[in-house]
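Here is the structure we will look at, set down as structure tokens.
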Amino acid sequence: MEKIDALDRKILKIITQNARIPFKDVADQCDVSRAAIHQRVQKMCDNGVIIGSGYQVNAETLGYTRCVLIGVELTSGSKYHSVVEALKEIPEVVEEYYTLGAYAMLIKMYARSDKDLLRLLNAILNIDGITNTETLTCLEQGIERSLPIE
């Protein structure tokens, strides 16, 4: 991954605070041309500095009333990749991490109801390589942010 310079950091600080800001406004704040901002942002995307873009949707507005974190135990670490591929077939699974500690994996998932959650948990437990899960229900998300850009 390529290093970023002071201008890149300034651009990142601006666009992570407001992803909808026009490049013209970013250019004005950085005292460079709009084309320079566009080129810099594109280069950071190409080099993996900026990963992803888009809008976040409030899950509740789509009928998802349950958010859960699921700790997953595997039969062995060699099953990790096949389990991830199986989890990708469950659209309600929105995040997955391979972890050290009590669980081999941590999953973030949404469900529409308790009955839907039960269906999804059963689907997960039926994946070859998963031996056990522990489900934690999220009551509220107090923090969601990007890393600070210094």
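Worth saying up front: this structure is predicted, and the values here are computed from it rather than measured.
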Notebook entry, point to check: Crowded around Asp31 CG? As in, over 12 foreign heavy atoms under 6.0 Å?
Noted result: no
Checklist line | Sequence-distant partners of Asn126, side chain to side chain donor-acceptor pair (under 3.5 Å), two or more places apart | finding: none
Note to self: Let me confirm one number: the CD1-CD distance from Ile127 to Glu85, rounded to the nearest 0.5 Å.
What the structure shows: 11.0 Å
Next item on the list: Show your working on side chain to side chain contact (heavy atoms under 4.5 Å, CB included) between Phe23 and Arg40 and close with a plain yes or no.
Entry: CA-CA 11 Å; Phe23 280 177; Arg40 291 284 186 128; over 6 Å; no
Note to self: With a 4.0 Å cut-off on N to O distance, would you call Glu92 and Arg119 a salt bridge?
What the structure shows: yes
Notebook entry, point to check: Same hydrophobic cluster for Tyr97 and Val68, using side-chain heavy-atom links shorter than 4.5 Å among ILVMFWY?
Noted result: no
Next item on the list: Please list all pairs passing the side chain to side chain donor-acceptor pair (under 3.5 Å) test where one or both residues lie in residues 56-73, with sequence neighbours left out.
Entry: Gln56-Glu144, Tyr64-Arg112, Arg66-Asp114
Check: Do Lys43 and Asn47 come close enough that some side-chain heavy atom pair is under 4.5 Å?
Finding: yes
Next item on the list: Spell out, yes or no, whether Leu74 and Ile90 are grouped together once hydrophobic residues are joined by side-chain heavy atoms under 4.5 Å, including indirect joins.
Entry: yes
Notebook entry, point to check: If every non-hydrogen atom of Ser78 is compared with every non-hydrogen atom of Ser76, which pair is closest and at what distance?
Noted result: OG-OG, 2.7 Å
Check: Can you get from Leu7 to Ile4 by hopping between Ile, Leu, Val, Met, Phe, Trp and Tyr side chains that sit under 4.5 Å apart?
Finding: yes
Note to self: Counting only heavy atoms not in Ile51 (residues, nucleotides, ligands), do more than 12 fall under 6.0 Å from its CD1?
What the structure shows: no
Notebook entry, point to check: Out of curiosity, Gln29 CD to Asp25 CG, how far, rounded to the nearest 0.5 Å?
Noted result: 7.0 Å
Next item on the list: Applying side chain to side chain contact (heavy atoms under 4.5 Å, CB included) between Val41 and each of Leu12, Asp46, Ile11, report the one that passes.
Entry: Ile11
Note to self: Which residues end up grouped with Ile143 if you chain together Ile, Leu, Val, Met, Phe, Trp and Tyr wherever their side-chain heavy atoms are less than 4.5 Å apart?
What the structure shows: none
Item checked: Residues Ile15, Ile50; criterion side chain to side chain contact (heavy atoms under 4.5 Å, CB included); working and verdict -> CA-CA 10 Å; Ile15 65 175; Ile50 296 173; 3.9 Å; yes
Item checked: Point-to-point distance, once rounded to the nearest 0.5 Å, from OG1 of Thr135 to CD1 of Ile70 -> 4.5 Å
Checklist line | side chain to side chain contact (heavy atoms under 4.5 Å, CB included) partner of Met109, chosen from Ile124, Leu87, Val94 | finding: Ile124
Next item on the list: Applying side chain to side chain contact (heavy atoms under 4.5 Å, CB included), name anything that partners Leu125, two or more places apart in sequence or on another chain.
Entry: Ile130, Thr133
Note to self: Lys10: which residues meet the salt bridge (charged side-chain N to carboxylate O under 4.0 Å, His left out) condition with it, sequence neighbours left out?
What the structure shows: none
Margin query: With a 4.5 Å cut-off on side-chain heavy atoms, are Glu95 and Ile107 touching?
Written below: no
Checklist line | Single-linkage hydrophobic cluster, 4.5 Å side-chain cutoff, Ile37 and Val49 together | finding: yes
Margin query: Check Lys24 with Asp28, please: is the shortest side-chain N to carboxylate O separation under 4.0 Å?
Written below: yes
Note to self: Does any part of the side chain of Tyr98, heavy atoms only, come nearer than 4.5 Å to the side chain of His81, both counted from C-beta?
What the structure shows: no
Next item on the list: Can you see which heavy atom on Gly129 is nearest to which on Lys79, and at what distance?
Entry: CA-CG, 4.0 Å
Note to self: Are Tyr110 and Leu117 connected into the same hydrophobic cluster when the rule is that any two of I, L, V, M, F, W, Y join if their side-chain heavy atoms are below 4.5 Å apart?
What the structure shows: no
Checklist line | For Val84, side chain to side chain contact (heavy atoms under 4.5 Å, CB included) partners two or more places apart | finding: Tyr80, Lys88, Glu96, Met105
